[in-house]
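What follows is a short report on a single structure.
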2 protein chains.
Amino acid sequence: MLSIGEFSKAAGLPVKTLRFYHEKGVLIPARVEANGYRYYDSRNLEAAQVIVALRTLEFPLDEIASLLSNCSSDEDILDHLTARREEVARKIQQQTDILSRIDMTLERERETRMTFAASASEIEEKHLEPVLIAGLRMKGRYPEMGKGFGQLGRKLGRKIAGAGMCLYHDREHREEDADFEPCFPISGKVTVPEFSVRELPGGRAITLVHVGSYEDLGRSYAKLFEHAEEKQLSLSCPSREVFLKGPGVFFKGDPAKYATEIQFLIADNE
Amino acid sequence: MLSIGEFSKAAGLPVKTLRFYHEKGVLIPARVEANGYRYYDSRNLEAAQVIVALRTLEFPLDEIASLLSNCSSDEDILDHLTARREEVARKIQQQTDILSRIDMTLERERETRMTFAASASEIEEKHLEPVLIAGLRMKGRYPEMGKGFGQLGRKLGRKIAGAGMCLYHDREHREEDADFEPCFPISGKVTVPEFSVRELPGGRAITLVHVGSYEDLGRSYAKLFEHAEEKQLSLSCPSREVFLKGPGVFFKGDPAKYATEIQFLIADNE
DNA sequence: GATTGACTCTCCAGTTGCTGGAAGCCGTAA
DNA sequence: TTACGGCTTCCAGCAACTGGAGAGTCAATC
């Protein structure tokens, strides 16, 4: 017969835990004196080892209690083991989901920083590479765009391969009934019926990175048009806005720091 | 301004949870009337969305609260995201460990059943295949064997490829100072200095499956020796016991149901 | 026999993120 | 007026402990 302190060392469980197990009926001491002192025997020690083994597999205590009173051989608990297995597999799946969501966000953020650092805030003429996108064409008001991106983001998940962008199929600014298409560059074929998956053409383009709130985009467009007129460039439709930095996944951030690259392909008319 | 019920629908959070978040200081309603009624505004809604997003990543509430009051942009929480990432990765690792331990046990049990079903309880002459083992030779009393198996099990882990067995290097039964070697068949090279890793030779053997407690093994040995004498077979050392079914990982089980195959290679003396 | 120090006891509270219930107030419609 | 729904606070419970307070017990020593 061991006192609780001795048994604690033998079983490798804290005294507090032993008292708790007693209270829960999981491990009942062989003898309890009138003064409340608990004394444990070798059968208790065996039970304690079973408990420890099952707890390392994170079996709940009440299940362990019932196993201890109903089972005497490993084969009796096979069902419980398979059930536990399912549960653990489910947990792993769930945590893996979380992990990949975090990784996506971090990846996204890192990339944002890269493209952002590489972009000047002046009018540039440069060559755009063709890019595979999935887009969702919508008609309405510009603020509706958020919902479009929401849908795209949810469905595309980890297929997203770059900063979100928007194509404007109108030749001029429209408050209502505008025709635009939020889209994401993607890394492989996607088959969602609502989305238009295609390759955006590359080519010579003039671009300008607009830093600040979307409400001031007009001024940057004006600059671009002015430049195009000077250089006698004819700009092709649709125009594109690449959201180098906009509202984040969690926080809106500061609109004064938003960065949006406006891109116009130059129509070759030779 | 929305009442708590309306806001609950808008934010997709139960009323109880909103009150709880208020109490915890995570989401404080824009206005609280003298009668205690809570009213929420659009800023609260934004905060609620941030909270929901961060909760799906299982951020703790107090961390969310501090993020909400200190951060306004996604880049502010990059550190927290990476920390969360670590934490989640740790959890996955841990659960994966548990999963593989469960799988090992299930695998073990399934195999036990197979070998058990395939074994007759009569003296048999059969051919044994060579088998790669890791063994731990010990001198002492038989009950010490348990510790040896414990060590082997812990170190070999998922390399174990079959039921445990024991080699007896003595030519006769010894209570004390016996020379025996608990071992496991293994699936690949193992380099633990204390263990002897080698191939057990195969060959013609006589075997008998002993069903019952280890204490009665003597009777089965006697049967075997008698048979060997009748047939004028000379038995080679070490003899082997294969523990088809013994005490389990968790429970001891019923000794009357233990099954142990005794194997003696037949010394070829042509 | 008294005292000391280690050991043990019970009871309560706190952890995390809610969830449920009881009892009671508030506002409105029939 | 009364019913009803919505709102309030407060308390309890989950799971598996952990920590602390305050008090009783044991064995040995002085």
Side-chain angles (χ1 to χ4, degrees), chain A residues 1-40 44 47-48 50-68 83-84 87-88 91 94-95 98, chain B residues 1-40 44 47-48 50-68 84 87-88 90-91 94-95 98:
Chain A
M1 287 296 209
L2 301 175
S3 73
I4 197 169
E6 295 161 337
F7 186 74
S8 159
K9 279 173 205 143
L13 288 168
V15 170
K16 281 271 183 188
T17 303
L18 291 175
R19 284 200 267 261
F20 176 70
Y21 284 174
H22 181 191
E23 187 190 320
K24 288 280 152 180
V26 181
L27 180 58
I28 295 156
R31 201 151 53 82
V32 180
E33 301 276 286
N35 60 19
Y37 274 40
R38 298 166 176 85
Y39 291 94
Y40 296 83
N44 285 144
V50 175
I51 294 172
V52 168
L54 293 176
R55 280 300 300 147
T56 65
L57 302 182
E58 296 185 359
F59 272 85
L61 275 188
D62 51 2
E63 194 171 347
I64 295 180
S66 90
L67 289 179
L68 276 174
R84 194 80 260 283
E87 184 63 20
V88 172
K91 239 182 182 167
Q94 181 190 327
Q95 297 294 314
I98 293 178
Chain B
M1 288 295 208
L2 302 174
S3 73
I4 197 169
E6 295 160 338
F7 186 74
S8 158
K9 279 173 203 142
L13 289 167
V15 170
K16 282 270 184 186
T17 304
L18 292 175
R19 285 200 265 264
F20 177 70
Y21 283 173
H22 182 190
E23 187 189 319
K24 289 280 153 182
V26 181
L27 180 58
I28 294 154
R31 201 150 54 81
V32 180
E33 301 275 287
N35 60 17
Y37 275 40
R38 297 166 177 86
Y39 291 94
Y40 295 82
N44 287 144
V50 175
I51 294 171
V52 169
L54 292 176
R55 281 299 299 148
T56 65
L57 302 182
E58 297 185 358
F59 272 86
L61 274 189
D62 52 1
E63 193 172 347
I64 294 180
S66 89
L67 290 178
L68 276 174
R84 195 81 261 282
E87 184 63 19
V88 172
R90 221 181 40 69
K91 239 182 181 165
Q94 182 190 327
Q95 297 294 314
I98 293 178

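Worth knowing before you read on, the calculation uses all heavy atoms, side chains too, and leaves out hydrogens, waters and symmetry mates.
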When you compare the side chains of A:Gln95 and B:Glu87, does any donor N or O come within less than 3.5 Å of an acceptor on the partner? no
By nearest atom, which of the nucleotides [options] is closest to the [X] side chain?
| X | options | value |
| --- | --- | --- |
| A:Arg19 | C:dC26, D:dC17, C:dT8 | C:dT8 |
| B:Tyr37 | D:dT18, D:dT8, C:dC18 | D:dT8 |
| A:Pro14 | D:dA16, C:dG20, D:dT18 | D:dT18 |
| A:Arg38 | C:dC9, D:dT8, D:dG19 | C:dC9 |

Partner of B:Leu68 under side-chain contact (heavy atoms from CB on, under 4.5 Å), picked from B:Ile51, B:Leu27, B:Ile28, is B:Ile51
Separation of atom [atom1] in [X] from atom [atom2] in [N], rounded to whole Å:
| X | N | atom1 | atom2 | result |
| --- | --- | --- | --- | --- |
| B:Leu13 | C:dC18 | CG | C1' | 12 Å |
| B:His22 | C:dC18 | NE2 | P | 16 Å |
| B:Phe20 | D:dA12 | CZ | P | 17 Å |
| A:Glu58 | D:dC17 | CD | P | 10 Å |
| A:Phe59 | D:dC17 | CZ | C1' | 19 Å |
| A:Phe7 | C:dC7 | CZ | C1' | 17 Å |
| A:Glu33 | C:dT8 | CD | C1' | 12 Å |
| B:Ile64 | C:dG17 | CD1 | P | 8 Å |

Do any N or O atoms from the side chain of B:Arg19 and from the backbone of B:Glu23 form a donor-acceptor pair under 3.5 angstrom? no
Query raised in the report: Between the side chain of A:Arg31 and the main-chain N/O of A:Tyr40, is any donor-acceptor distance below 3.5 Å?
Result: no
Here the gap from A:Glu63 atom CD to A:Leu54 atom CG, rounded to the nearest 0.5 Å, amounts to 8.5 Å
Under 4.0 Å between a side-chain N/O of B:Ser3 and OP1 or OP2 of D:dC7, yes or no?
-> yes
Sorted by position of nearest nucleotide on DNA chain C, 5' first, the leading residue of B:Leu61 and B:Lys16 is B:Leu61
Self-check item: hbond_proxy B:Tyr21 side chain to C:dG17 base (donor-acceptor, 3.5 Å cutoff)
Solution: no
Exercise for the section: Looking at every strand, decide which applies to A:Tyr39 at a 4.0 Å heavy-atom threshold: base, sugar-phosphate, or nothing. Expected result: nothing
The residue, B:Asn35 or A:Arg55, whose nearest nucleotide of DNA chain D is more 5′ is B:Asn35
